[in-house]
Amino acid sequence: MDTAQASEANMTSLFGLVDCNNFYASCERVFNPALNGKAVVVLSNNDGCVIARSNEAKALGIQMGEPFFKIRNLVEHNYVHAFSSNYVLYGDMSDRVMQTLSQFTPHVEVYSIDECFLDLGDFYDIDLFSYAWNIKKTVGQWTGIPVSLGVAPTKALAKVANKLAKKSKKANGVLVLTEPYHIQKALEATKIEDVWGVGSQYATFLKKHNIHTALDFSIASENWVRKHMTVVGVRLLKELRGESCLELEEITPPKKGICTSRSFGTKLTKLDDVLEATASYAARCAKKLRSQKSCARLITVFVQTNRYSENDRQYYNSKTICMPVATNSDIELIHYATLALKAIYKPNYFYKKSGVIVTEIIPENHIQYDLLDTVDRDKHSRLMKVMDGLTDRFGRSKVMVAAQGVNKDWILRSDYKSPCYTTRIAELPVVSNLI
DNA sequence: TCTGGGGTCCTAGGACCC
DNA sequence: TCTGGGGTCCTAGGACCC
């Protein structure tokens, strides 16, 4: 946005930020009301660490990212209810929340699975507080998910408002910041490390320079900020001063890199096992590419051992292959992922994780074909369509390329998973030798 | 025993070209 | 012997987000 546009936007810009409270934990509660008032945590893949906590779990002192084994005692004594992550459920609940929000303004930006920016620029003249409160109430009634809502003239200020809305008992989940005096008070009450865009590195640096709150930062010199925090810092500075620099991004641009990686449920040493896992990740990348109608030219595979086991020999390596023609076919990506993995695999290591990254992504209708190409791309594309159709209907892992394996020794551990309450998964026998 | 996964943007510096 | 300078592209690394 240029300066003229920006200053024009400033006349009326107004953003809402809706954030689902403790989202994954709240999703688990919607379908299991007995959990209300109880400490609930949701675990990362492999039930490794805590990635979501209800307020009661926070009150027990459980930290974000805490390894699960450290709180196993609490779980066993029933003080805490733990769930493996159930992304199908959370994705579906997220869709419902976003659908509900779009009833209130046509211009929404789905910022993450549990956050959404709203353009409220047309609503300056109405009673913003009632409107905001109505949004919160409606989402609660229609989806069962509690949300907090901050409203302010810029995205960064809406973030500030949202955080305070959640924290303050008085605000009770809704805070509208339009008056300069209120904005100033809010900035004063916001610690610098809680500002959107200030991570741990910058927070430490800024505190060293006596900047402890968002207000301190907002009165720093622009040149000083540019010098130490690049143009990104300057944008933040302006946003906190009320000058809108970040627009609402309603259309999600296609991703420039797509990565699928997982830690294995157990340590793997055999090439075949690592191959099966890696092939599955390649297929996931292919599916993600197809869903955004893209193809990729580069594929990178990496493997690593468990960096926490001090007694094991450590190994990390990666290999990138430039494919002759950009593709989004399971079969081709698995083929090249296999080649890449074989190039870096070394026997006698305990592998804990592998991953597939695809880059140099282009729209699928912009592919440059190779004269010497021997792949029947039409056939692949038709096959992938059929497979996607089956996957969408019957769920993942029902149809796959044989290289992905059926033994799945590497599969994720997920001992505490709730049912997929909202999406029916029909039963269908595994078809493994389709190709 | 057990420690997540998937993204974005910006900058500095080197290579290369004319 | 003298040893320019501007532009572009690429990459690695560092910061951030959820």
Side-chain angles (χ1 to χ4, degrees), chain A residues 17-20 22-24 41-52 62-73 75-76 82-87 90-91 94 109-117 155-156 159 162-163 192-206 225-236 245-246 249 252-267 277 281 284-285 288-289 292 298 300 302 304-312 318 320 322 350 352-361 412-416:
Chain A
L17 175 64
V18 178
D19 186 319
C20 301
N22 315 324
F23 182 53
Y24 298 167
V41 299
V42 176
L43 306 172
S44 64
N45 282 332
N46 281 317
D47 298 336
C49 55
V50 172
I51 54 170
I62 297 169
Q63 298 297 310
M64 187 72 173
E66 189 151 353
F68 180 46
F69 66 86
K70 292 190 178 169
I71 62 161
R72 189 155 281 170
N73 243 334
V75 174
E76 276 163 9
F83 292 89
S84 305
S85 37
N86 183 344
Y87 291 107
Y90 310 150
S94 174
E109 173 186 340
V110 177
Y111 179 68
S112 73
I113 194 163
D114 69 338
E115 278 181 56
C116 185
F117 282 106
K155 281 181 158 184
K159 275 271 186 185
N162 184 287
K163 215 154 213 162
I192 190 64
E193 61 266 34
D194 291 338
V195 173
W196 187 39
V198 177
S200 62
Q201 302 296 311
Y202 282 146
T204 306
F205 171 80
L206 289 168
V225 170
R226 186 187 317 271
K227 184 169 160 207
H228 294 105
M229 299 174 70
T230 80
V231 297
V232 181
V234 174
R235 218 146 46 204
L236 176 61
C245 304
L246 301 167
E249 289 171 32
T252 318
K255 290 187 186 356
K256 297 168 182 170
I258 288 173
C259 170
T260 306
S261 76
R262 299 276 185 283
S263 295
F264 308 135
T266 55
K267 292 180 193 172
Y281 305 156
R284 292 296 302 278
C285 285
K288 292 177 193 173
L289 282 168
Q292 67 165 31
L298 292 184
T300 302
F302 69 86
Q304 69 187 54
T305 48
N306 186 348
R307 62 187 199 277
Y308 297 102
S309 335
E310 288 172 11
N311 297 328
D312 294 345
S318 72
T320 300
C322 179
F350 294 118
K352 183 59 182 166
K353 183 177 186 176
S354 77
V356 176
I357 304 162
V358 291
T359 47
E360 284 209 0
I361 290 174
L412 294 175
R413 204 165 38 237
S414 171
D415 294 337
Y416 309 92

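Lettering follows sequence order; numbering is per chain, from 1. Keep in mind that this is a model prediction, so the values were computed, not measured.
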dC16(B) to dG4(C) separation - C1' atoms, rounded to the nearest Å: 15 Å
Pro254(A) vs Cys49(A), nearer the 5' end of DNA chain B by closest nucleotide: Cys49(A)
Between Asn311(A) and Ser309(A), a side-chain donor and acceptor under 3.5 Å: no
Where chain A begins and ends its contact with DNA chain C, read 5' to 3' at 4.0 Å from heavy atoms: dA15(C) to dC18(C)
Sugar-phosphate only, base, or nothing, as touched by Val195(A) at under 4.0 Å among non-hydrogen atoms: sugar-phosphate
Of Arg235(A) and Thr260(A), the one whose closest DNA chain B nucleotide lies more 5': Thr260(A)
Sugar-phosphate only, base, or nothing, as touched by Ser309(A) at under 4.0 Å among non-hydrogen atoms: nothing
Touch class at under 4.0 angstrom, heavy-atom based, for Lys70(A) against every strand present: nothing
pair Val231(A)-Arg226(A): side-chain heavy atoms closer than 4.5 Å: yes
Sugar-phosphate, base or nothing in reach of Leu43(A), heavy atoms under 4.0 Å: nothing
Partner residues of Thr204(A) under the side chain to side chain contact (heavy atoms under 4.5 Å, CB included) criterion, sequence neighbours left out: none
Geometric cation-pi criterion Lys353(A) and Phe264(A), 6.0 Å radius, 45° cone: no
ring-ring contact (aromatic ring centres under 6.0 Å, His included) partners for Phe205(A), two or more places apart: His209(A), Trp224(A), His228(A)
Where Ser85(A) and Val42(A) come nearest, the two heavy atoms and their spacing: CA-CG1, 3.8 Å
Sugar-phosphate only, base, or nothing, as touched by Gly355(A) at under 4.0 Å among non-hydrogen atoms: nothing
Partners meeting ring-ring contact (aromatic ring centres under 6.0 Å, His included) with Phe350(A) (sequence neighbours left out): none
Touch class at under 4.0 angstrom, heavy-atom based, for Asn306(A) against every strand present: sugar-phosphate
Pair Phe68(A) and Tyr416(A), ring centroids less than 6.0 Å apart: yes
Sugar-phosphate only, base, or nothing, as touched by Asp114(A) at under 4.0 Å among non-hydrogen atoms: sugar-phosphate
Nucleic acid contacts - residues 62-69 of chain A versus DNA chain B, non-hydrogen atoms under 4.0 Å: Pro67(A), Phe69(A)
Donor-acceptor pair, side chain of Glu109(A) and main chain of Cys116(A), under 3.5 angstrom: no
Shortest non-hydrogen contact between Asp415(A) and Asp47(A), atoms and distance: N-OD2, 2.8 Å
DNA chain B: stems of at least 3 consecutive Watson-Crick or G-U pairs whose donor-acceptor distances fall under 3.5 Å: B:5-18 with C:5-18
ring-ring contact (aromatic ring centres under 6.0 Å, His included) assessment of Trp196(A) paired with Phe117(A): CA-CA 14 Å; Trp196(A) 187 39; Phe117(A) 282 106; 5.8 Å; yes
